[in-house]
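Everything quoted here is computed from the prediction, not taken from an experiment. Just so it is clear, the values below take in all heavy atoms, side chains as well, and ignore hydrogens, waters and symmetry mates.
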Amino acid sequence: MIKKLLLFNALMFSAALMAQVTFTNQSDLIGNYPDYSEVAVDMNGDYLDDYVRVSDTGIGIDYQLPDHTFYSVFISTPIQNVPDWSVAAGDIDGNGYNDLFLGNNSRVSFLFANEDGTAYTEITKPEYIFSQRSTLADIDNDGMLDAFICHDVDQSHPYRNEGGQNMVLDQTLIETLDRPGNYAAIWVDYDNDGDTDMYLTKCKGGAQPGDPNRDNAMYTNNGDGTFTENALEIGMRDNAQSWSTVFEDFDNDGDFDAFIVNHDFQNRLMQNDGTGMFTDVIDASGINPTDLGAWENQSGDFNNDGFVDIFSEMSKELYLNNGDMTFIGQDLSFDEGGIGDFNNDGFLDVVNDGNLYINDGNANNWIKVGLEGIESNKNGIGARVKIVGDWGTQMREVRSGQGFSHMNSLLAHFGIGTSTTIETLIIEWPSGTVDIIQNPNINETIIVEEGSTTINVDDFEYETINLYPNPTSALLNFSMKGLENIPVKIIDVNGKIVLNCKVSNEGNINVSSLKTGTYFAMLQVEKKTTSYKFIKN
């Protein structure tokens with residue numbers, strides 16, 4: 001028995017060593033600029049991540065070049081509100097160059113790129129706000145990026161995009177509770193209904209356990225321009241002085257799980273059951289639940305094995321994902337920063353405090369996806385990107401503003417391990433358009449323009465499921481059992497999502513609201529995303 005235990009421990013130690021991720025500091029490749037927050041975003045439209053640093057004297061940008069070197073530029077301009085708390089990036093005015101949304105301890109600013117991205121204009125908002133996490137998202141889904149900033153001492157501020165560079169404070173854009181302690185917002189479609197929700201991580205200084213100002217909040221999108229706070233109902237109303245939350249599909253089962261870092265009680269690893277209900281599974285995860293006090297909390301597939309890892313300010317800075325809601329912790333020499341691919345080798349790197357940490361990589365394969373919105377916002381922020389292969393389905397969302405303060409790449413990054421092919425790439429845009437690409441190349445960055453591809457259901461139907469009756473006038477039944485509560489997206493022949501629904505307890509969906517015509521039902525079955533053609537009478 002002792003020999004078996006020793007052998008098991010040796011195998012586990014060997015596996016942990018093989019999974020280790022290492023980095024090399026290559027800061028000699030970049031400029032030496034002052035900074036307040038780390039930005040790892042393409043700023044000149046070439047889909048190569050750049051390193052951006054903003055200070056009171058100007059903006060330093062290390063533009064990544066195709067030969068893995070950098071062209072470093074300092075744009076000298078006074079910045080009134082340096083982002084000493086947070087920064088988000090996105091093309092707010094739609095001119096083809098990314099702008100910055102700066103969070104300061106008293107004001108916020110929008111830093112707009114000019115027509116060729118060589119200069120920037122700061123527009124400062126007059127209202128007082130002790131900002132925490134800044135984010136950009138198309139909150140009202142009109143094709144333009146809005147802004148949301150967490151307020152530490154009062155109700156948070158949403159800014160409505162009214163076109164051009166006109167960002168207007170408008171509390172009706174999303175009506176949040178009028179309470180302080182707002183630390184980190186993250187936009188995520190946690191309930192798989194096709195619209196973006198917002199989770200608000202909260203920590204109120206000096207508040208005692210049970211104080212409602214410490215309650216994390218979920219603002220669920222009702223699909224009609226309004227939001228309902230329902231964190232308690234779905235199991236996400238933590239009261240543990242939380243600093244930031246990441247949402248990722250940690251187990252690749254088609255829904256977003258969450259990891260919350262806390263300063264009281266314990267950290268949380270919340271598993272989504274597929275219906276938008278969450279359960280804390282941290283005790284069996286390998287993550288120390290009482291490793292408290294982290295500020296930053298981020299994620300990414302750092303070893304390209306196909307599972308999203310956790311990168312956080314805990315005593316183990318990187319937790320490598322085993323794919324089954326368990327993780328193996330490892331030490332790094334740094335614990336935060338902006339995440340991007342700074343040598344275009346398909347492995348995620350980190351920038352922090354003027355340091356460029358290049359991932360040493362391994363033999364695993366990968367794909368990156370850059371989006372060009374047409375009807376949706378230019379960056380495709382809010383889009384859901386999926387890849388289907390022999391591993392099943394992996395899923396990412398394009399987000400502006402994650403973690404507590406930094407800004408990560410706007411490219412969707414996937415590792416695929418030793419797999420050499422991807423069957424299908426699927427992009428579900430905020431507008432409802434769905435683009436599907438069969439057999440995309442691996443180890444490349446794929447650029448997808450919204451609406452440029454068409455659905456071809458014959459290539460990826462799941463052979464064991466039939467839909468009946470087909471044609472149908474109302475109810476559409478699935479022959480496979482056990483699909484209850486599985487989300488289904490109905491797509492028309494123009495590639496638009498026209499209905500979001502879930503399989504009923506009777507194993508069917510109601511399509512009576514659809515017009516007469518041909519449609520496709522897309523859903524995830526046994527970790528594979530599949531589609532089925534049907535006719536509505």
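Residues D238 and N262 have side chains that bring a donor and an acceptor to within less than 3.5 angstrom of each other. Judged purely by distance below 3.5 Å, without hydrogens or angles, the side chains of N321 and D309 never pair a donor atom with an acceptor atom. A donor-acceptor contact closer than 3.5 angstrom is absent between the side chains of Y199 and T201. For the residue pair D390/S419, the side-chain donor-acceptor check at 3.5 Å is satisfied. When only modelled atom types and interatomic distance are considered, E372 and N379 share no side-chain donor-acceptor pair under 3.5 Å. Judged purely by distance below 3.5 Å, without hydrogens or angles, the side chains of T424 and Q438 pair a donor atom with an acceptor atom.
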- Task: For the pair M144 and M167, evaluate side chain to side chain contact (heavy atoms under 4.5 Å, CB included) and give the outcome as yes or no after the intermediate values.
- Result: CA-CA 11 Å; M144 298 185 294; M167 303 294 286; over 6 Å; no
- Using the side chain to side chain contact (heavy atoms under 4.5 Å, CB included) rule, take V434 and I427 through it: C-alpha gap first, then chi angles, then the decisive distance, then the call. CA-CA 6 Å; V434 178; I427 299 100; over 6 Å; no
- Query: Do K528 and E423 pass the salt bridge (charged side-chain N to carboxylate O under 4.0 Å, His left out) test, and can you show the C-alpha distance, the side-chain angles, and the key distance before you say yes or no?
  - Reply: CA-CA 10 Å; K528 280 292 188 87; E423 295 172 15; 3.2 Å; yes
- S405 vs E296, side-chain hydrogen bond (donor to acceptor under 3.5 Å, both in side chains): CA-CA, chis, key distance, verdict: CA-CA 7 Å; S405 65; E296 288 293 353; 2.4 Å; yes
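Judged by distance alone, the side chain of D42 and the main-chain N or O of L410 form no donor-acceptor pair under 3.5 Å. Listed for the N252 side chain is a donor-acceptor partner under 3.5 Å among the backbone atoms of G306. At least one donor-acceptor pair under 3.5 Å links the side chain of R214 to the backbone N or O of N239. Side chain of D435 to backbone of T453: a donor-acceptor contact under 3.5 angstrom is found. Between the side chain of K536 and the backbone N or O of L514 there is at least one donor-acceptor pair closer than 3.5 Å. Judged by distance alone, with hydrogens and angles left aside, the side-chain atoms of D349 form a donor-acceptor pair with the main-chain N or O of N359 at under 3.5 Å. For E450 (side chain) and L371 (main-chain N/O), no donor-acceptor pair under 3.5 Å exists by modelled atom type. Although no hydrogens or angles enter the test, the distance criterion places no donor-acceptor pair under 3.5 Å between the side chain of K378 and the main chain of D93. Counting only distance, with no hydrogens or angles, the side chain of E248 and the backbone of R396 share no donor-acceptor pair below 3.5 Å. With hydrogens and angles ignored, the 3.5 Å screen pairs a side-chain donor or acceptor of D249 with a backbone N or O of D253.
In this structure, N443 and W366 have side chains that are in contact, with non-hydrogen atoms separated by less than 4.5 Å. Considering only heavy atoms from C-beta on, P180 stays 4.5 Å or farther from H151 through its side chain. Residues L169 and H157 are in side-chain contact: their nearest non-hydrogen atoms beyond the backbone lie under 4.5 Å apart. The shortest side-chain heavy-atom distance between R179 and P212 falls under the 4.5 Å cut-off. Using a 4.5 Å cut-off on side-chain heavy atoms (C-beta onward), S376 and S431 make contact. The shortest side-chain heavy-atom distance between F414 and D301 does not fall under the 4.5 Å cut-off. Between N362 and F347 there is a side-chain heavy-atom pair separated by less than 4.5 Å. Taking 4.5 Å as the limit, some side-chain heavy atom of F259 sits within range of a side-chain heavy atom of I282.
The minimum heavy-atom distance between A521 and L467, with the atom names listed, is CB-CD2, 4.4 Å. Of all heavy-atom pairs spanning D280 and N267, the tightest one is OD2-O, 4.2 Å. Of all heavy-atom pairs between T445 and G370, the closest is CG2-N, 4.5 Å. A88 and T135 make their closest contact through CB-CA, 4.0 Å (heavy atoms, listed as atom of the first residue, atom of the second, distance). Looking at every heavy atom in both residues, G340 comes nearest to A40 through N-CB, 4.0 Å. A pairwise comparison of heavy atoms in D251 and D257 identifies OD1-OD2, 3.0 Å as the closest pair.
The ring-ring contact (aromatic ring centres under 6.0 Å, His included) search around F534 returns Y519, not counting sequence neighbours. Applying the ring-ring contact (aromatic ring centres under 6.0 Å, His included) rule to F302 yields the partners F311; only residues at least two apart in sequence or on another chain are considered. Under the rule for a ring-ring contact (aromatic ring centres under 6.0 Å, His included), the partners of F110 that lie at least two apart in sequence or sit in another chain are F101, Y159. Annotation: side-chain hydrogen bond (donor to acceptor under 3.5 Å, both in side chains) contacts of N322 (sequence neighbours excluded): T326. Annotation: ring-ring contact (aromatic ring centres under 6.0 Å, His included) contacts of F327 (sequence neighbours excluded): F250. Listed by chain and residue number, S409 satisfy the side-chain hydrogen bond (donor to acceptor under 3.5 Å, both in side chains) test with D49 (two or more places apart in sequence, or in another chain). Partners of T228 by side-chain contact (heavy atoms from CB on, under 4.5 Å), not counting sequence neighbours, listed by chain and number: N222. Residues satisfying the side-chain hydrogen bond (donor to acceptor under 3.5 Å, both in side chains) test with H413, not counting sequence neighbours, are N304.
Note that the CG atom of N216 and the OG1 atom of T245 stand 5.5 Å from one another [nearest 0.5 Å]. Rounding to the nearest 0.5 angstrom, the gap separating the CG atom in L475 from the OG atom in S512 is 7.5 Å. Separating the CG atom in D255 from the OH atom in Y190 is a distance of 12.0 Å, to the nearest 0.5 Å. Here the straight-line distance linking atom CD1 of I328 with atom OG of S285 works out to 11.5 Å at 0.5 Å rounding. The OG atom of S400 sits 11.0 Å away from the CG atom of D91 when rounded to the nearest 0.5 Å. For the atom pair CG (N470) and CG (N537), the distance works out to 9.0 Å, reported to the nearest 0.5 Å.
Salt-bridge formation is detected for the pair K368/D341: a Lys NZ or Arg NE/NH1/NH2 atom is positioned less than 4.0 Å from an Asp or Glu carboxylate oxygen. At a threshold of 4.0 Å, the pair R399-E397 counts as salt-bridged, since one of the basic side-chain nitrogens sits closer than that to a carboxylate oxygen.
Residue pairs meeting the salt bridge (charged side-chain N to carboxylate O under 4.0 Å, His left out) criterion with at least one member in residues 483-504, sequence neighbours excluded: E375-K496, E428-K489. Residue pairs meeting the salt bridge (charged side-chain N to carboxylate O under 4.0 Å, His left out) criterion with at least one partner in residues 131-149, sequence neighbours excluded, are D140-R160. Residue pairs satisfying the ring pair (Phe, Tyr, Trp, His ring centres under 6.0 Å) criterion with at least one member in residues 221-246, sequence neighbours excluded, are listed as follows: Y183-W243, W243-H263, W243-W295, W243-F404. A salt bridge (charged side-chain N to carboxylate O under 4.0 Å, His left out) check over residues 182-203, counting only residues at least two apart or in different chains, returns the pairs D189-R384.
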